[in-house]
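Bear in mind the structure is a predicted one, so any value in this text is a computation, not a measurement.
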Amino acid sequence: MLNEKLDLYLNEGYYPFHMPGSKRSKILRSDLPYRRDLTEIYGFDNLNDPEDIFIQMEERLAQIYRVNKAIISTNGSTSGILSTIRALCRDNKNILIQRSSHKSVYNACELDLLNVSYINIVTDEQLAIRGIDYEDLEKKLKDKNYQALVLTSPSYEGYLLNLKRIYKLCRENNTKLILDMAHGSHLPLTNLYDNSFDVAITSFHKNLSALTPSAAVLINDMEYFNEIKRNMAIFQTSSPSYVILQSIDEMIEKFESFDELYKKLENNLDDLYKLKLDNIKLIEDSKKDKTKLLISTKNANISGSDLEKLLREDKIEIEMSYPDYVLLISTIFDTEDGFNRIKKSLRRIDGLLGSKSKSYSLELQIPQKKLEIYEAINCKKKYVKVEDSLGKTAGEFVYAYPPGSPIIAPGEIIDAEILATITYMLDNNIHLNIKDEYISVIIDK
């Protein structure tokens, strides 16, 4: 579609007296795609008001993900989440979200002046987020009239929710289900994909071939299609990257061939998960996407960050480390050589280690809320040392990044559990958006 049309156009000899300023110049780096960078010239459609090529691409995406409509994003899942929440929550401002939601969900709650309630999360023994408390969800949906429920599946670590059960509860309680599926663009290649949602947002660049930050909004409930589309034109740039769009086009054109690549990936994964290790452990779970490689150090005499350093000695770069695990992401484009390298490295590292029982636990409770996020953001604030923040009201988000989920949100009271969590993460070298161990708090009137 797009690539084929551009190939023909470039051979016709048009001179670019238009943006972008690089003008397909040969004096610029040849390994960057200047020659294929263009804008909404004649015959090449407009992503925010599509009539031709992009409609065809979106129709193909809707077929792949078995939904009614798809809207392409070249601004990642973030613009899709912002657009969807704004479109759905115009009248009813009550929203229920998973506490471990991405920061873009919280930003939408701030921008749209929403009244936020939270679903309790459940963790595995490594303290990776495994799911939600379904009883808590059912109770909260019955107790209040929510416009929308926002959940994440699969999680950053690959755990999947029971969407059929959740969607049924949402319908029974007249609540729309918005699914952050940023880490699940590859799921149609597996037997794990479930399209039980009203709207989902997914990122192609995380698990498939399209360039960063390619994404799409996937829509089943057509009542909100036009309003989501209108909001996408607000939150998405008016100059979308045609280089990214070409990579999405290639992904669509080659999607059928990805089935065979996934079978090869499965074979490599099956072999990896059979690896005999004495101290570190590859986590398997029936409710988990096995392409997310969760390697536990829970019973080893090292931390997740130590394992990250040891893997880097073998020139292996990982996605993320936490105190008791590391996360690696595999995709259909990984090679057999890559899998051989990770197996060799894990065997080497495991042989250096001993066992160690770790008895600590980390509570991830929902803090007491004093103000809504949008109210707290506009209050006067000051910075205090973390250890002096007990009992005060948070003035800003404190995030662990990646994945970008908040430990505390503006307007919430910093209690002893929250303080212990922040201290624990700082002590274990988890990246928090805290500078010099100072935290923003609201000045009491």
Side-chain angles (χ1 to χ4, degrees), residues 1-65 67-80 83 185-186 188 202-219 225-226 228-261 331-333:
M1 290 177 283
L2 178 59
N3 283 297
E4 183 179 0
K5 187 166 186 173
L6 182 57
D7 289 341
L8 293 171
Y9 177 82
L10 290 174
N11 287 329
E12 289 177 355
Y14 285 92
Y15 186 86
F17 273 117
H18 56 76
M19 295 183 291
S22 57
K23 301 285 184 166
R24 304 198 282 271
S25 173
K26 293 181 180 179
I27 68 173
L28 300 170
R29 289 184 63 133
S30 60
D31 57 352
L32 291 176
Y34 293 111
R35 188 167 182 267
R36 301 187 70 86
D37 190 17
L38 70 154
T39 186
E40 297 95 337
I41 57 176
Y42 179 80
F44 280 85
D45 213 351
N46 180 343
L47 183 61
N48 289 320
D49 188 20
E51 295 180 349
D52 184 19
I53 301 171
F54 299 135
I55 285 181
Q56 295 177 47
M57 289 170 61
E58 289 174 340
E59 286 175 347
R60 291 280 296 277
L61 287 171
Q63 292 171 4
I64 289 169
Y65 289 94
V67 295
N68 289 322
K69 288 284 186 179
I71 302 173
I72 291 171
S73 167
T74 61
N75 282 64
S77 283
T78 291
S79 64
S83 300
S185 60
H186 63 302
T202 194
S203 290
F204 303 131
H205 67 97
K206 295 183 188 297
N207 303 96
L208 290 173
S209 59
L211 295 174
T212 305
S214 59
V217 182
L218 309 172
I219 301 168
F225 170 70
N226 288 332
I228 294 172
K229 181 180 175 183
R230 187 182 76 84
N231 276 277
M232 283 294 288
I234 294 172
F235 288 106
Q236 182 160 241
T237 175
S238 60
S239 300
S241 167
Y242 273 71
V243 174
I244 292 173
L245 288 165
Q246 289 164 64
S247 73
I248 296 173
D249 182 48
E250 182 180 37
M251 181 196 79
I252 293 168
E253 293 292 340
K254 292 185 175 179
F255 203 87
E256 287 186 6
S257 69
F258 290 174
D259 285 327
E260 193 61 35
L261 291 176
T331 79
I332 58 174
F333 299 102

For residues [X] and [Y], report the shortest heavy-atom separation together with the two atoms involved.
{"X": "T74", "Y": "P213", "answer": "O-CG, 3.5 Å"}
{"X": "P188", "Y": "S185", "answer": "CD-O, 3.4 Å"}
{"X": "A215", "Y": "G76", "answer": "CB-C, 3.4 Å"}

| query | Which pairs pass ring-ring contact (aromatic ring centres under 6.0 Å, His included) with one or both residues in residues 25-51, sequence neighbours excluded? | reply |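 For residues 25-51, and leaving out neighbouring residues, the ring-ring contact (aromatic ring centres under 6.0 Å, His included) pairs sorted by first residue read Y9-F44.
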
Under 3.5 Å, is there a donor-acceptor pair between the side chain of [X] and the main chain of [Y]?
{"X": "E58", "Y": "K69", "answer": "no"}
{"X": "S214", "Y": "L211", "answer": "yes"}
{"X": "Q246", "Y": "R36", "answer": "yes"}
{"X": "N68", "Y": "A62", "answer": "no"}
{"X": "N207", "Y": "H186", "answer": "no"}
{"X": "S25", "Y": "S22", "answer": "no"}

Nearest 0.5 Å please: distance from the [atom1] atom of [X] over to the [atom2] atom of [Y].
{"X": "S79", "Y": "Q236", "atom1": "OG", "atom2": "CD", "value": "5.0 Å"}
{"X": "L2", "Y": "E253", "atom1": "CG", "atom2": "CD", "value": "10.0 Å"}
{"X": "R60", "Y": "M251", "atom1": "CZ", "atom2": "CE", "value": "10.0 Å"}
{"X": "I228", "Y": "N231", "atom1": "CD1", "atom2": "CG", "value": "8.5 Å"}
{"X": "Y65", "Y": "I219", "atom1": "OH", "atom2": "CD1", "value": "14.5 Å"}
{"X": "R24", "Y": "L38", "atom1": "CZ", "atom2": "CG", "value": "7.5 Å"}

Atom [atom1] of residue position [X] - does it have more than 12 heavy atoms of other residues, nucleotides or ligands inside 6.0 Å?
{"X": "I27", "atom1": "CD1", "answer": "no"}
{"X": "R35", "atom1": "CZ", "answer": "no"}
{"X": "Y14", "atom1": "OH", "answer": "no"}

| task | Answer yes or no: is there an ion pair linking D52 with K5, defined by an N-O contact shorter than 4.0 Å? | result |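 Yes.
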
| field | N3 versus E250, side-chain donor and acceptor atoms under 3.5 Å | value |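 Side-chain D/A pair, E250 to N3: absent.
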
| message | Less than 3.5 Å apart, any donor N or O on the side chain of S77 or S203 sitting next to an acceptor on the other? | response |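 Yes, because at least one side-chain N or O of S77 sits under 3.5 Å from a partner of the opposite role on S203.
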
| task | List the steps and the verdict of side chain to side chain contact (heavy atoms under 4.5 Å, CB included) for T78 and F235. | result | CA-CA 9 Å; T78 291; F235 288 106; over 6 Å; no

Do [X] and [Y] touch side chain to side chain, with heavy atoms closer than 4.5 Å?
{"X": "I71", "Y": "F225", "answer": "yes"}
{"X": "N46", "Y": "E51", "answer": "no"}
{"X": "E40", "Y": "Y242", "answer": "yes"}
{"X": "Q56", "Y": "P50", "answer": "no"}
{"X": "I248", "Y": "I244", "answer": "yes"}
{"X": "K254", "Y": "S209", "answer": "no"}

| With D49 via side-chain hydrogen bond (donor to acceptor under 3.5 Å, both in side chains) - residues at least two apart |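 None.
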
| task | May I have the step-by-step check of side chain to side chain contact (heavy atoms under 4.5 Å, CB included) for L47 and M57, ending in yes or no? | result | CA-CA 10 Å; L47 183 61; M57 289 170 61; over 6 Å; no

